[in-house]
Amino acid sequence: MSRKRISAPALAAAGQSPLTALSGVGPAVAAKLTERGLGTLQDLWLHLPRSYEDRTCITPLALLRNGMSAQVEGQVVAVERSFRGRPMLKVAIEDDSGGPLVLRFFHFRAAQVAQFAHGVRVRVFGTAKLGPTGLEIVHPSYRVLALGEEPGLGQTLDPVYPLVDGVGPATVRKLVGQALDRLPAEAELDIVPPAWLAQLGLPSLRSALLTVHRPEADTDLAALAAGRHPAIARLAIEELLAHHLSLRRQRIALQQHAAPALDGSGDGVARLLAALPFQLTGAQQRVFAQIADDLARPQPMLRLVQGDVGSGKTVVAALAAMLAVQAGFQVALAAPTELLAEQHLHNLRGWLEPLGVSVCWLAGKVTGKARAATLAAIADGSAQVVVGTHALMQDSVVFHDLALAIVDEQHRFGVHQRLALRDKGARPGSVPHQLVMTATPIPRTLAMSEYADLDVSAIDELPPGRTPVQTIVLSNSRRDELVERIRHACAQGRQAYWVCTLIEENEELQASAAESIHAQLAASLPELQVALVHGRMKPADKQAAMATFKAGDTHLLVATTVIEVGVDVPNASLMVIENAERLGLAQLHQLRGRVGRGSAASSCVLFYQGPLSMMAKSRLATMRDTHDGFVIAEKDLELRGPGELLGTRQTGVALFRIADLARDAHLLPAVHELAERLLQGHPALVERVISRWIGSAVRYAAA
Ligand code: ADP
Ligand code: MG
């Protein structure tokens, strides 16, 4: 791509000037700032204060209260230095209204002591605390006033910025101030037509930035702090817009590629449907029809299928796979854990192999000769459907003719991994269709913003005959009762899971917790078969444990959250989740989805370690009261923020500088409308918005 040369003034208007343009920024300071992501003027504009100090007025000492941050002015009435223990300087001041207020210093120089002569006036800013002898301020910022000096008051509140390692707060403040002094005029700075934003009650960008950095004394600080102020909304909406546009642009770029048109001729789908032991639900039929429709086109499909746990996504994926296979192409299906991938392998083999389709397996643990043979089969096309884990995305995996890449639980992969798989299909100018499945229902608002590059289908109906899971919230102190309950249930031929959870993503700790609980339960329930499965076990042992449980030969399966996704044992009708209060709602919902798969009435015990916080109580109550994955996801978004839902917490990607999807969800409809208007009428502005907020480093390694 050729890059137009950009003039210095244009750079400045775009805020892209380097910080060395500011006075007082040498290479060392610049390096420290860059480390913190502050590399340009614009970065400083967007380095928002974390709080403010009000120096716009002087508070009479008589009105000063414990805990108040204020500016005061008074005369020195007493000075005391002591060296007991450690050096200390106490300066008492009074004003006409009252006093005294003690200024207390633990670090000071002799010259400082000399300043505080009796009768001298000082202006002080700090937070008053109740000390041993009344109100005091420890290490205030202060200024000794010359005779008759009346320094003016601040016109606006003083910003306090988040700390930058290695750069003093005063320097940061000064530099942001300088950067703001170089803010271009309104018309130059606004990219989105200001009238559109004014319709939403939002100010110009310039005015928003000035409000945030230098609020007037009467600004609603609580609204600013909570991000509810129009000035913050103005920044957030443009950032959300930039991300949305970037995803839309990726989508548009993708559509420039060709993909194999899988027109559905052949009887594979009909034969598969006929062989299934069940009828598709209406929702499955509808979603499969949407997929078939997409696949028939010569452009790549990019579709997200959302379906609650147990809604039957796998069979829809199998049908889609069949469309590709009968047209002579290959299919890849990737799942984030080995256990889940194995379940898929098992299901797809069961459905497809009787119809003459070869289904092969590739995971990290497939090594040596087996791996070489699998890779060869993938490369020569004899492997028609390839199921596996991350291993599928490695460079060594080369497909003969991949037409459909299916990714399950994509939020547990990164988007870049999805793209890596997609790129495996690339014949010149052609990419495979992509089908993404998730059982973590993504709230609609979030789906619209984070998945703007995907079409979304929902399997919003469960197969018939499922009985809703009864959820019980139970304190850990009633463990014995619970164990009896399990003894009783298993005596009646039911099977149960006991899920050990730890908040750490540390498999080792999880495994050892599970091992000790397994030992305890095996001891208290000697008449039952109690098995164990965790992530540190050998795959063969894990499979054996799962297989005997599935066959009904074990009563109780003690497991870590490895069973969270994909495990399907319809006869298991009881689940205990330890430390339920520590898990996210989406994860609890996933786990709970492992029961209630058969016709027996099922229950799920959320076993908690009291006492519970209000928040934890409300979360567990949500779990008890609803089974609707969407309601649960909305609640999770509200309580925990989007990082959890989108899996960005694990990948450590900070999504936004200013926007907060939970807080700003109400802006999204406006974001979409603005995006539409820009894409339709002002394509040149689209690029500018994206490059302002996202820059050339396109978030997901480019489309
Ligand atoms: P998920 O959407 O959670 O991945 P699965 O695809 O694992 O759900 O399906 C859950 C279970 O329901 C599986 O045992 C599957 O065979 C079964 N199933 C799927 N569709 C139907 C249907 N239409 N009728 C009855 N059972 C079904
Ligand atoms: Mg599934």
Side-chain angles (χ1 to χ4, degrees), residues 269 272-289 291 303-322 333-352 354 359 385 387-389 406-413 435-442 456-469 495 497 546 549-552 561-573 575 586-600 602 604 627-630 632-633:
V269 168
L272 175 52
L273 285 173
L276 288 176
F278 50 75
Q279 295 254 308
L280 294 189
T281 62
Q284 284 170 321
Q285 287 175 25
R286 175 170 45 76
V287 170
F288 176 59
I291 293 170
R303 185 171 287 278
L304 171 70
V305 172
Q306 295 188 30
D308 212 341
V309 184
S311 62
K313 294 180 292 296
T314 319
V315 70
V316 172
L319 288 161
M322 192 45 141
L333 193 170
T337 69
E338 197 151 317
L339 204 61
L340 177 52
E342 277 165 11
Q343 292 274 335
H344 285 318
L345 179 73
H346 175 82
N347 284 326
L348 293 194
R349 281 205 166 134
W351 289 324
L352 297 175
V359 181
V385 176
V387 180
T389 56
I406 306 173
V407 178
D408 198 10
E409 298 299 337
Q410 97 126 5
H411 65 289
R412 301 183 143 224
F413 290 109
L435 178 62
V436 174
M437 306 193 289
T438 182
T440 301
I442 295 153
V456 180
S457 302
I459 305 186
D460 48 9
E461 178 186 354
L462 292 181
R466 300 279 166 87
T467 40
V469 181
Q495 285 176 283
Y497 297 101
M546 287 308 302
F549 188 64
K550 194 155 188 161
T561 48
V562 297
I563 65 155
E564 181 184 338
V565 280
V567 172
D568 188 25
V569 180
N571 192 48
S573 60
M575 170 174 284
Q587 200 178 7
L588 286 173
H589 184 61
Q590 283 277 335
L591 284 169
R592 182 172 61 183
R594 304 300 116 211
V595 289
R597 302 193 147 225
S599 50
S602 295
C604 175
H627 289 87
D628 183 330
F630 280 99
I632 288 171

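Each ligand, and each atom within it, is numbered from 1 in the order the structure gives.
Close N/O approach between F278 and ligand 1 is not found [any backbone or side-chain N/O within under 3.5 Å]. At least one N/O-N/O distance between G310 and ligand 1 falls below 3.5 Å.
To the nearest 0.5 angstrom, T314 atom OG1 is 8.0 Å from L340 atom CG.
In terms of modelled atom types and a separation under 3.5 Å, the side chain of Q306 and the main chain of V456 share no donor-acceptor contact. For the pair Q284 (side chain) and G312 (backbone), a donor-acceptor distance under 3.5 Å is present.
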(message) Test side-chain hydrogen bond (donor to acceptor under 3.5 Å, both in side chains) on H627 and D308; report intermediate values, then the result.
(response) CA-CA 10 Å; H627 289 87; D308 212 341; over 6 Å; no
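At a heavy-atom cutoff of 4.0 Å, ligand 1 is contacted by the backbone of L280 but not by its side chain. The proximity of Q279 to ligand 1, defined as any non-hydrogen pair under 4.0 Å, is limited to the backbone.
Between L319 and L273, the closest side-chain pair of non-hydrogen atoms falls below 4.5 Å. Between I632 and R592, the closest side-chain pair of non-hydrogen atoms falls below 4.5 Å.
Short contacts between ligand 1 and T281, defined as distances under 4.0 Å to a heavy atom of the residue, involve ligand atoms 23 (N). Within the listing of ligand 1, atoms 4 (O), 5 (P), 6 (O), 7 (O) sit less than 4.0 angstrom from a heavy atom of T314. Annotation for ligand 1: atoms under 4.0 Å from non-hydrogen atoms of Q284 are 19 (C), 20 (N), 21 (C), 22 (C), 23 (N).
Within the 4.0 Å heavy-atom cutoff, S311 counts among the residues contacting ligand 1.
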